[in-house]
There are 2 protein chains.
Amino acid sequence: MTKTTVTTAAPKAGPPRMSDVARLAGVSKMTVSRVLAGRSASLATRERVQQAVDQLGYVADAAAGALSSGRSEFVAVLVPSLSSSNFSDTVGGLTAVLEREGLQLLIGDTDYSLEREERLVRQMLRHQPRAIALTGAQHTDATRALLQRSGIPVVEMWDLPSEPIDTAVGFSNVKAAREMVRYLAGRGYRRIGFIGGASTLDRRGLDRLKGYQMEVKAQGLGEPRAIRLGDSPITMSHGGPAIAALLAQWPDTEAVMCVSDMSAFGAIMECQRRGLKVPGDLAIAGFGNFEVASCCHPTITTVSVDAYGIGERTGETLLATLAAREQGDGADARAPRNVRIDYTVVSRESA
Amino acid sequence: MTKTTVTTAAPKAGPPRMSDVARLAGVSKMTVSRVLAGRSASLATRERVQQAVDQLGYVADAAAGALSSGRSEFVAVLVPSLSSSNFSDTVGGLTAVLEREGLQLLIGDTDYSLEREERLVRQMLRHQPRAIALTGAQHTDATRALLQRSGIPVVEMWDLPSEPIDTAVGFSNVKAAREMVRYLAGRGYRRIGFIGGASTLDRRGLDRLKGYQMEVKAQGLGEPRAIRLGDSPITMSHGGPAIAALLAQWPDTEAVMCVSDMSAFGAIMECQRRGLKVPGDLAIAGFGNFEVASCCHPTITTVSVDAYGIGERTGETLLATLAAREQGDGADARAPRNVRIDYTVVSRESA
DNA sequence: TTGAAAGCGGTACCAG
DNA sequence: CTGGTACCGCTTTCAA
């Protein structure tokens, strides 16, 4: 196979280009571009172009378009774990909102590592995303610097930091945890324990622990009884060993608050294996209102958070900010810096 | 804290470009490009460039690079549902393999819709991905045409089609289901039911149903007892109503095979609510070996499939194909057209 | 409504 | 080892 030496009908390799479409339709490249963008063009022209596009199976090159117009169609989102249903739900909500505007999500999984997050932010930025959504408020200095310099809208999700980089969509995990402790105390439980992860990287988990500790103290429920075990993301396998450790150390515990429903579920299953009745012998509460919480037997008392809604609100916030910038609005018309997401304690059978 | 006062030089808007780096380092753009690509350059030059890059916080524009070099760093992957743990695991495996090569995943969620898949394929193709991985073997004609014309390597995952578009990485859901029925029959169960989804879009679910029916017939276990209920993805909430329907129609059922562990879990919880012992009164088996299967009480007998491994093998297959093409190998040196993934029946407490 | 020219920010290629 | 030049495929801008 020799290289085609110019001239004559060269059997063009690779996919068709806009110029190919233009030639076939008998118009200029520009006209094709306009038709595809849905801008002014006579009906006849539009049809001819469309026909050529179909015939050739033309798919416009997004990189070229982005380079030329100076704006990509990307929005980046980073979550700590894609296999955690609340984060994949958030991504789902974000996708639903953004795809209406033709925006394409660039999804990254930080695996709860700030270093990985930094690497991913850098990589995402290479694609000049129109905006970026991160999970949590904890980032390396380099990450912050990168984001600041990028100048694009940034949303931090799942938390309400006192000093957001730009905008935040979330709730106070500390307060939510306190509310759960109040609920348990209200049900008459006094000796309340907590099980969560050992990692210091899961800021939201740590905040829940903090909320637990604060409220236990506030309610005068004695010394906190907290077991910290296992790495994030906390999965179902976490609950069994954790509850075992808790009961070994504080056998007279009456109720346990878990950092997540996954953990609570594992704990409940372990109790069943031991012949302990839930909530009769031990009450167990979760966090997050995952599907398992409503399907499990007994059903799990938990804090319900609208993970999908966080994604939606994040998307809407980003779109609003982008629209405002489009119109050249200054910092004034910026979207609100903090969007508070509701949560509620859902009382079920387990506690 | 030296606040770089903005000198009178033109306040360039936007992020720094390669030419800015070049100017600051006192070299040509090309040299910067080479240094960043890790190609030949004297140590001194490399250091100067690196310093300039750091100082400016330069992040190369991927779109420009892709356009110029004619090759993007994207690989596209489409799954039916990101919130289903087996698919998010597959995405995880794929990510792990591809990121070693600096490739960036473009993730799409088809929501079990072939039309959505087609739209997403078109959208992905706009970014000129180096390769694309789809789930399943069922696609619209237009999707097939798009993929064919794109000329990039295609992998179909989670199935072993008789006529793959290009390459497939998966296993036979029919055979796996048959094996589970054989297992149940081997345990002495005769009146075996099946619960699965009603949607015709979940090909893998349908194949499992088909395998169930075939093997029930082959074993002479009487008429199949199949309940089809609910949309994909099958979640935990599916199992309760499904098992209720099954028992209503065939009260003397001894064992039930579920299309997924999610479903099996919901069914088991429903049995517990009804006071039915599993497996004493009713044996229940799942599919997929999700985490819940090993955490649940009783633990769930299931078909174990290495979802993460499917992602890894897909990544490896794609890389191999890309490498082969790089070397100009013809169709000969192509990667194998079918990569078989192992599965095993895992015997646990529930059946 | 349509077309021609310029150029987005990099990389391939070849020369020095 | 380094630099100049052309150009990737598209959109912007301006002119017709």
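Reminder, nothing fancy here: chain letters follow the sequence lines and each chain counts from 1. As a basis for the values below, the full set of heavy atoms in this structure was taken, side chains included, without hydrogen atoms, waters or symmetry mates.
Whole-Å rounding puts the A:H127 NE2 to C:dG9 P distance at 17 Å. Rounded to a whole Å, the CZ atom of A:R48 is 13 Å from the C1' atom of C:dT1. In this structure, CE of B:M30 is placed 13 Å from C1' of C:dA15, rounded to the nearest angstrom.
Considering only residues two or more places apart in sequence or on other chains, A:R46 meets the salt bridge (Lys or Arg N to Asp or Glu O under 4.0 Å) condition with none of them. Contacts of A:R122 classified as salt bridge (Lys or Arg N to Asp or Glu O under 4.0 Å), with partners at least two apart in sequence or in another chain: A:E118.
With a heavy-atom cut-off of 4.0 Å to chain B, the contacted part of DNA chain D has its first and last nucleotide at D:dC1 to D:dG9.
Using a 3.5 Å distance cut-off with no hydrogens or angles, the side chains of A:S113 and A:T110 do not pair a donor with an acceptor. Between the side chains of B:S28 and B:T31, at least one donor-acceptor pair of N or O atoms lies under 3.5 Å.
In this structure, B:S33 reaches the C:dT11 phosphate: one of its side-chain N or O atoms is under 4.0 Å from OP1 or OP2. Not one side-chain nitrogen or oxygen of B:S19 sits closer than 4.0 Å to the OP1 or OP2 atom of C:dG9.
Electrostatic pairing of B:D20 and B:R23 counts as a salt bridge here, judged by a charged N lying under 4.0 Å from a carboxylate O. The pair A:R116-B:E99 meets the salt-bridge criterion, since a charged nitrogen lies less than 4.0 angstrom from a carboxylate oxygen.
Residues A:R39 and A:R17 each lie close to DNA chain D; by heavy-atom proximity, the contact nearer the 5' end of the strand is made by A:R17. Of the two residues contacting DNA chain D, namely B:T31 and A:P16, the nearest-nucleotide position lying further toward the 5' end is that of B:T31. Sequence order on DNA chain C of the closest nucleotides to B:A64 and B:R34 puts B:A64 first from the 5' end. Mapped onto DNA chain C by nearest heavy atom, A:K29 and A:T45 fall at different nucleotides, with A:T45 at the one closer to the 5' end.
In this structure a side-chain-to-backbone donor-acceptor pair under 3.5 Å is present from A:T314 to A:I310. When atom types are taken as modelled, the side chain of B:S68 and the backbone of B:A64 share no donor-acceptor pair closer than 3.5 angstrom. Without hydrogens or angle criteria, B:S84 side chain to B:F87 main chain gives no donor-acceptor distance under 3.5 Å. A distance-only check finds a donor-acceptor pair linking the side chain of A:R48 to the backbone of A:A25 [under 3.5 Å]. Judged by distance alone, with hydrogens and angles left aside, the side-chain atoms of B:S72 form a donor-acceptor pair with the main-chain N or O of B:Q128 at under 3.5 Å. Looking only at distances, a side-chain donor or acceptor of B:E156 sits under 3.5 Å from a matching main-chain atom of B:I165.
The stretch residues 65-75 of chain B comes close to DNA chain D through B:L67, B:S68, each having a heavy atom under 4.0 Å from the strand. Residues from residues 54-62 of chain A lying near DNA chain D, meaning a heavy-atom separation below 4.0 Å, are A:Y58, A:A60, A:D61 in numerical order.
Test B:T167, B:L318, B:I132 against B:V154 for side chain to side chain contact (heavy atoms under 4.5 Å, CB included) and you get one pass: B:I132.
The two residues A:L106 and B:L105 make their nearest non-hydrogen contact at CD2-O, 4.4 Å.
Note that the two end axes of the helix from C:dT1-D:dA16 to C:dG16-D:dC1 enclose an angle of 30°, each drawn from 5 base pairs, rounded to 10 degrees.
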